[in-house]
Novice: 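My questions will all concern the structure given below.
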Amino acid sequence: MDNPFVKTIDIIAETISNELKVNQEEVFRFLMEPVKEEYADFSFPIKRFLNKPEDLIFKIYNNLDSNNLKLVDIEPVSGFLNFKFKEERLFEKIIDYVKNGGVIKTKKSDKQLTIVVEHTSANPIHPLHMGHTRNTCIGDTLSRLLSARGHKVNRRFYIDDMGRQVVIAALGFKIINENPLELSKKVNIKPDKLVGWIYAVSSTTLDALEAKKKNNMEEAEKLAAVLTKLKSQDPSNLFDKLFSGLSSLSDPEKEISNIMLNYEKGLDPEKSLIRSMTKSVLNGFMDTLNKLDINFDNWDWESDIVWNGLVDNVINLAKNNKYFTKFKDADALDIPSIINELVKNDQQISKIINLPKGFELPPLILRRSDGSTLYTTRDIAYSIYKFNETKADKVINVIGADQRLPQLQIRLALLGLGFKKEALNLIHYDYEIVRLPGKSMHGRRGEYVTLDEVIEDIKNKAVEELKNRNPNISNDSANEIAEKIAVGTLRFSMVQLNSMKPLTFDISKAINLKENSGPYLQYTYVRALNILEKHGKINYDAIKNDTINHKLRRSMLIKALKFPLIAAKAADDLSPEDLVSYLVSLSDQFNQWYENDSVIRENDYGIKEGKALLVELVKNTLDEGLYLLGIPRLNKI
RNA sequence: GGGCCCGUAGCUCAGCCAGGAUAGAGUGUCAGCCUCCGGAGCUGAAGGGCGCGGGUUCAAAUCCCGCCGGGCCCGCCA
């Protein structure tokens with residue numbers, strides 16, 4: 001059975017689409033919320049298409065009629081077609097729908113695609129920190145939205161284990177001669193945190209030695225202060241050993257490049273050291289991600305991409321490609337020619353690739369003159385791999401806005417190498433950085449607030465608040481609820497804002513109970529649950545249709561019924577923030593209604609059951625909406 | 001030097017891509033609401049003309065041009 005509300009809108013959109021010869025997606029885009037609720041439930045700006053809409057209106061009525069869905073009044077007003085549902089008829093259909101097991105779910109897409117979402121992909125050398133949080137939450141929410149929309153979603157984490165940073169951390173472990181995972185157990189510190197500390201000490205020490213060598217005393221002093229601080233965090237008398245070991249190296253750079261070269265070749269002992277170190281960090285990541293209920297389908301090792309020959313394949317392809325060139329002796333792709341020949345002449349391509357105006361991109365170097373590969377080259381190989389492995393229609397990379405240029409280069413390189421479909425369907429979902437008020441983050445110096453710590457902080461505040469409100473609450477239940485509140489707070493804050501705006505995460509504000517926030521939604525959900533629990537099973541057959549003949553109830557109904565379309569649009573536009581603001585506004589309406597129109601104390605039985613149905617619709621909508629945002633649902637607070 | 005992003009009520013933001021209905025929320029401020037289905041709630045008031053200046057249009061917060069302020073990016077780093 002179709003959702004009668006959604007079906008009605010579908011028929012309207014279809015008719016408009018056929019009559020105006022505009023495609024349906026476009027119609028849905030224009031089918032909008034009126035400025036004022038009184039005007040209509042939906043509006044369509046007809047004036048941009050037609051001056052005399054009478055025939056169209058007639059056709060719409062006809063089509064609705066033949067589908068037995070005479071549920072709306074249509075009125076042309078100042079350039080708009082205003083659609084207003086006849087509430088009693090609509091309600092009657094909805095009662096029937098729900099009675100027969102109908103639910104309010106995201107409207108499925110007509111085209112079901114396979115979509116890869118790559119997100120988080122943090123460097124495996126320190127714990128996940130606030131800098132990664134936005135990426136993680138956005139990536140997971142997008143995955144949930146797209147999946148609810150009916151697409152097959154494949155979530156991937158790219159393990160960047162071939163960078164210099166990993167090698168520096170590995171060098172640290174080599175010097176103290178310890179196995180990362182065993183050491184972590186021995187000193188009882190989370191593995192990612194331990195590796196983060198070793199990395200920070202190693203990296204800072206090396207920089208300090210370098211600064212001294214260059215006689216840059218100011219810098220050396222600054223770094224010495226960082227080292228003093230790091231020493232104070234020493235988990236188990238490791239600092240001196242590490243520091244003196246690094247200081248006694250005659251040529252640290254050579255040491256680093258040896259490890260790097262050997263690892264790129266897959267040789268031991270470098271291979272087993274780096275792999276085990278990286279795995280121990282990944283264990284820490286998974287532990288943190290579990291708290292947020294975030295999972296991945298695949299964990300891809302950058303080193304595997306290299307060892308399996310995929311990077312060599314790219315280089316070979318390039319060598320036989322017309323855009324292959326040499327740039328200062330290194331193997332490169334002639335990006336300017338790719339732009340001139342493949343992008344600029346093609347409207348479709350240039351619309352999707354969206355080049356910066358008048359910006360000269362240099363050739364893209366694929367391989368250093370010493371024969372080693374670069375991150376971007378490996379990412380080209382990985383991009384092709386992501387498409388091939390899952391036969392994906394689209395690949396979405398959630399990566400910071402600072403990576404725009406390299407991401408653009410990858411698309412252009414793919415285009416030049418003949419991977420047109422891949423180039424046009426590789427989407428860089430970019431976002432601006434997250435700041436913590438008054439704190440700066442430097443991974444290399446061990447300066448960051450970890451995600452674990454943030455969750456713990458919010459949780460502690462929530463426990464305090466819960467005990468304030470309810471002094472009799474048990475520790476266990478306070479802890480359990482607080483943890484869910486913490487996750488809800490964090491996930492809400494990370495996706496509620498347009499991703500292009502820099503986000504300052506202020507813990508004290510996020511937990512501030514008077515602001516619209518995750519806990520507000522969770523609280524509203526609990527309210528709805530409580531009413532339903534008190535009310536008991538709903539007798540659908542007893543419901544009076546005229547329950548809905550009431551302003552607040554009517555707008556609540558319409559609001560809740562819009563969910564399938566709102567979630568669908570949020571998925572298509574990749575804008576979770578639209579779903580967030582919808583859920584907040586649904587909650588606002590529900591709370592407003594709640595204060596003004598009691599369900600439990602309603603005397604008229606038929607109306608009481610009707611009101612209970614409304615509560616159930618709101619509860620189900622919040623249920624689904626909160627799930628999509630990864631905000632835990634509570635049954636008490 | 002060039003490119004990209006952001007700039008809307010005291011504060012945090014929707015609306016801009018696809019120009020049209022009196023520019024919307026929340027928060028904060030002020031004034032009210034606990035014989036109530038849990039007040040993390042509700043009711044009401046004050047508060048901006050959309051960074052600045054031009055242009056296009058019957059119509060501009062939305063499109064174009066030029067400025068200003070803030071952030072980011074322009075490596076044989078990742």
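Just so we're on the same page: letters track the sequence lines, and every chain starts at 1.
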Novice: Does a salt bridge link Glu595(A) with Arg527(A), judged by any charged N lying under 4.0 Å from a carboxylate O?
Specialist: yes
Novice: With Asp597(A) as reference, evaluate Lys551(A), Lys608(A), Arg553(A) under the salt bridge (Lys or Arg N to Asp or Glu O under 4.0 Å) test and give the passing residue.
Specialist: Arg553(A)
Novice: Rounded to whole angstroms, how far apart are CZ on Phe492(A) and P on U12(B)?
Specialist: 16 Å
Novice: Using whole Å, what does the distance between atom P of nucleotide C76(B) and atom CD of Gln409(A) come to?
Specialist: 10 Å
Novice: Reckon Lys501(A) has a side-chain N or O less than 4.0 Å from the OP1 or OP2 of A14(B)?
Specialist: yes
Novice: Please work out if Ser581(A) contacts a base, only the sugar-phosphate, or nothing of the nucleic acid, heavy-atom cut-off 4.0 Å.
Specialist: nothing
Novice: Using both distances under 3.5 Å as the test, list the Watson-Crick or G-U wobble partner of C67(B), or none.
Specialist: G51(B)
Novice: Please check the phosphate of C17(B) (OP1 and OP2 only) for any side-chain N or O of Lys351(A) closer than 4.0 Å.
Specialist: no
Novice: Between Tyr523(A) and Asn591(A), does any side-chain donor sit less than 3.5 Å from a side-chain acceptor?
Specialist: no
Novice: Under 4.0 angstrom, heavy atoms only, what part of the nucleic acid is Leu634(A) near: base, sugar-phosphate, or nothing?
Specialist: nothing
Novice: Just say parallel, tilted or perpendicular for the rings of Tyr582(A) and Phe563(A), cut-offs at 30° and 60°.
Specialist: tilted
Novice: Any stacking of Tyr523(A) on G41(B), going by centres under 5.5 angstrom and planes within less than 30 degrees?
Specialist: no
Novice: Examine G75(B): is either OP1 or OP2 under 4.0 Å from a nitrogen or oxygen in the side chain of Arg368(A)? Give yes or no.
Specialist: no
Novice: Does the ring of Tyr594(A) lie flat against the base of G41(B), closer than 5.5 Å centre to centre with planes under 30°?
Specialist: no
Novice: Please give, in whole Å, the distance from U62(B) P to Arg29(A) CZ?
Specialist: 19 Å
Novice: Which label fits His132(A) and His126(A): parallel for a plane angle under 30°, tilted from 30 to 60°, or perpendicular past 60°?
Specialist: tilted
Novice: What does Lys636(A) touch in the nucleic acid at a heavy-atom separation under 4.0 angstrom: a base, only the sugar-phosphate, or nothing?
Specialist: base
Novice: Quick one: is C13(B) close enough that its OP1 or OP2 comes under 4.0 Å of any side-chain N or O from Gln496(A)?
Specialist: no
Novice: Mind checking the P distance from U27(B) to A45(B)? Whole angstroms is fine.
Specialist: 15 Å
Novice: Specify the closest pair of heavy atoms between Thr141(A) and Arg491(A), including all atoms of both residues, with the distance to one decimal.
Specialist: OG1-NH2, 3.4 Å
Novice: Quote, to the nearest angstrom, the P distance that separates G71(B) from G53(B).
Specialist: 24 Å
Novice: Using a 90° cut-off around 0 for syn, call C13(B) syn or anti.
Specialist: anti
Novice: Have a look at Ser372(A) and say if it touches a base, only the backbone sugar-phosphate, or nothing, with a 4.0 Å heavy-atom cut-off.
Specialist: nothing
Novice: Calculate the interatomic distance between Glu533(A) atom CD and G38(B) atom P; express it in whole Å.
Specialist: 10 Å
Novice: Does C77(B) have a Watson-Crick or wobble partner in any strand here, with both distances under 3.5 angstrom, and which is it?
Specialist: none
Novice: For RNA chain B, which residues in residues 427-437 of chain A have a heavy atom at a distance below 4.0 Å?
Specialist: none
Novice: Could you tell me the Watson-Crick or G-U partner of A25(B), where both distances fall under 3.5 Å? Say none if there is no partner.
Specialist: U12(B)
Novice: Roughly how many Å apart are G70(B) and C52(B), using the C1' atom of each and rounding to a whole number?
Specialist: 16 Å
Novice: Remember a base hit wins even if backbone is also touched, and classify Asn498(A) as base, sugar-phosphate or nothing at under 4.0 Å, heavy atoms.
Specialist: sugar-phosphate
Novice: Need the pair for G41(B). Rule: Watson-Crick or G-U wobble, both distances under 3.5 Å, any strand; none if unpaired.
Specialist: C33(B)
Novice: After noting the C-alpha distance and the side-chain angles of Tyr382(A) and Asp304(A), does the key distance pass the side chain to side chain donor-acceptor pair (under 3.5 Å) rule?
Specialist: CA-CA 10 Å; Tyr382(A) 181 46; Asp304(A) 282 340; over 6 Å; no
Novice: Over all strands shown, is Gln403(A) touching base, sugar-phosphate only, or nothing at heavy-atom distances under 4.0 angstrom?
Specialist: base
Novice: Would you call Lys459(A)-Glu483(A) a salt bridge at under 4.0 Å N-O?
Specialist: yes
Novice: Give the rounded distance in Å between these two atoms: CD of Glu577(A) and C1' of A25(B).
Specialist: 15 Å
Novice: What contact category does Asn470(A) fall into here, base, sugar-phosphate, or nothing, at under 4.0 angstrom with non-hydrogen atoms?
Specialist: nothing
Novice: Please state how far atom NE2 in His535(A) lies from atom C1' in C37(B), giving the value in whole angstrom units.
Specialist: 11 Å
Novice: Would you mind telling me which of C36(B), C6(B), C77(B) lies closest to the side-chain atoms of Met500(A)?
Specialist: C6(B)
Novice: Under 4.0 Å between any heavy atoms, over every strand shown, what does Leu497(A) touch: base, sugar-phosphate, or nothing? Just pick one.
Specialist: sugar-phosphate
Novice: Would G49(B) be called syn or anti here, given the cut-off of 90° from 0?
Specialist: syn
Novice: Base, sugar-phosphate or nothing for Asn530(A)? Non-hydrogen atoms, less than 4.0 Å.
Specialist: base
Novice: Give the nucleotide from the list C76(B), C42(B), C37(B) with an atom nearest to the side chain of Ile531(A).
Specialist: C37(B)
Novice: Between Tyr39(A) and Gln592(A), which is nearer to the 5' end of RNA chain B once each is assigned its nearest nucleotide?
Specialist: Tyr39(A)
Novice: Minimum heavy-atom separation for Val526(A) to Leu634(A), with atom names?
Specialist: CG2-O, 3.6 Å
Novice: Using whole Å, what does the distance between atom P of nucleotide G26(B) and atom CG of Asp506(A) come to?
Specialist: 21 Å
Novice: Ignoring hydrogens and angles, write down the donor-acceptor pairs under 3.5 Å from the side chains of residues 348-356 of chain A, residues two or more places apart or on other chains.
Specialist:
from	atom 1	to	atom 2	distance (Å)
Ser350(A)	OG	Asp346(A)	O	2.8
Ser350(A)	OG	Gln347(A)	O	3.3

Novice: Pro34(A) near the nucleic acid: base, sugar-phosphate alone, or nothing, with a heavy-atom cut-off under 4.0 Å?
Specialist: base
Novice: Can you measure Leu532(A) atom CG to G38(B) atom C1' for me and round it to whole angstrom units?
Specialist: 15 Å
Novice: Give one of base, sugar-phosphate or nothing for Asn82(A), where a contact means two heavy atoms less than 4.0 Å apart.
Specialist: base
